Colleague: 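One structure is given below, represented as structure tokens, and several questions about it will come after.
On a predicted model such as this, the values are computed, not experimentally measured, just so you know.
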Amino acid sequence: SDPERQREKDALGAQRRVLEPLHVAVLTGLLALVGSRVAALVVLEFSLRAVSTLLSLGKGAHSSQLYLLCQYSLGCGVSCSLSFLLEEAPHGTFNLVLAVGLAGLLATYTRRLARHVCTLYELHSRARYCGICILLLTTGHRVPHLLRNALAVTFGVADLAAVALINRDFLSTAEALRFWTPLTICYALLVVYMQEEPRRSAGGQPVYRTVLVRMGGLFILLLTVGRWTDVLHVLISLLGEFWCLLRAGAMLEACR
């Protein structure tokens, strides 16, 4: 309701109805194409990046953008978790259908709430006769805390599933070490780079540049220790990351 941020509010309201069905369809297709191995690597990379950001909050880092930057990684995390939990399950297909139904139900109610807030919150918060808007007005500060807890649980399960999915392809400990050692070094260098990049640059370009550096490092790593299908899936993941960033552009600008 800040009049000085009217342009940002208009941008958020304008993009919601037009692009949302297309965004969901494209992102679902990209996540369906990405293999569980690359999805697991994306999940582990984001988890390490999130932990590093949270540990550096006292040094001027901000965690609000993590809620927007995690969209593709969150999709990969759900994919990994379902692949691991439903592996060889007798009713795996039925469970997937149930999961899709629950996700659709949650998305429907969330979309209605978002549309209500974008159109009527400013009026209702002043008039104080709408239960939804009064609830948001009084307890809205708890929403980030709720999101953080939900993401922590989701990525906690996804990280365990990701490690299990990656390790099942190795026949010996030596073979696993040949994969995990360069991966750990690569991820450590990426975290150091991403901690320094926002301090050197301003605006929206560092977000896209960071995605290129992350996926480029993963691409080079999998060229040496991965498979050709993994390399293809990294390119698909790059498209998915860019697609999510384009969709969240207005919110990223609001965070900045």
Colleague: On a heavy-atom basis, which atom in C76 and which in L31 lie closest, and how many Å separate them?
Modeller: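 That closest heavy-atom pairing would be N-CD2, 3.8 Å.
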Colleague: Return the minimal non-hydrogen interatomic distance between V38 and D230, and the atom names on each side.
Modeller: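 In this case the closest contact between V38 and D230 is CG2-O, 3.5 Å.
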Colleague: Donor-acceptor check, side chain of H233 to backbone of G35, threshold 3.5 angstrom: yes or no?
Modeller: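 Yes: the side chain of H233 pairs with the backbone of G35.
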Colleague: Cut-off 3.5 Å, side chains only: do R142 and H145 have a donor facing an acceptor?
Modeller: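 Short answer, no.
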Colleague: Establish, yes or no, whether the cationic atom of R112 lies under 6.0 Å from the six-membered ring centre of Y109 and within 45° of the ring axis.
Modeller: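 The answer is yes, since R112 meets both limits relative to Y109.
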Colleague: Could you list the cluster mates of V153? Members are the ILVMFWY residues connected by side-chain heavy atoms closer than 4.5 Å, either directly or through other members.
Modeller: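 None, because no other hydrophobic side chain comes under 4.5 Å of this residue.
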Colleague: I need the minimum non-hydrogen distance between S81 and V157, along with the two atoms involved.
Modeller: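 So the two residues come closest at OG-CG1, 3.8 Å.
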Colleague: Side chain of Y67, backbone of P144: donor and acceptor closer than 3.5 Å?
Modeller: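 Yes; judged by distance alone, with no hydrogens or angles, the pair exists.
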Colleague: Are the side chain of S79 and the backbone N or O of G75 linked by a donor-acceptor pair below 3.5 Å?
Modeller: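 Such a contact is absent between S79 side chain and G75 backbone.
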Colleague: State, with a plain yes or no, whether a side-chain heavy atom of R168 is found less than 4.5 Å away from one of E87.
Modeller: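 SC-SC contact between R168 and E87 confirmed.
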Colleague: On a heavy-atom basis, which atom in Y72 and which in S237 lie closest, and how many Å separate them?
Modeller: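 Answer, listing the atom of Y72 first, then S237: OH-OG, 3.0 Å.
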Colleague: Identify the two heavy atoms, one from Q71 and one from C244, that lie closest to each other, and give their separation to 0.1 Å.
Modeller: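 So the minimum-distance heavy-atom pair works out to CB-SG, 3.9 Å.
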Colleague: So which heavy atom on A162 is nearest to which on A40, and how close?
Modeller: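 Distance-wise, the nearest heavy atoms are CB-CB, 3.5 Å.
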Colleague: Enumerate, atom names and distances included, each donor-acceptor pair closer than 3.5 Å involving a side-chain atom of residues 92-106, sequence neighbours excluded.
Modeller:
| unit_1 | atom_1 | unit_2 | atom_2 | d |
| --- | --- | --- | --- | --- |
| N95 | ND2 | H91 | O | 3.2 |

Colleague: Run through L69, V43, L151, V42 and flag the one making a side-chain contact (heavy atoms from CB on, under 4.5 Å) with L74.
Modeller: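 Per the side-chain contact (heavy atoms from CB on, under 4.5 Å) rule, the option paired with L74 is L151, out of L69, V43, L151, V42.
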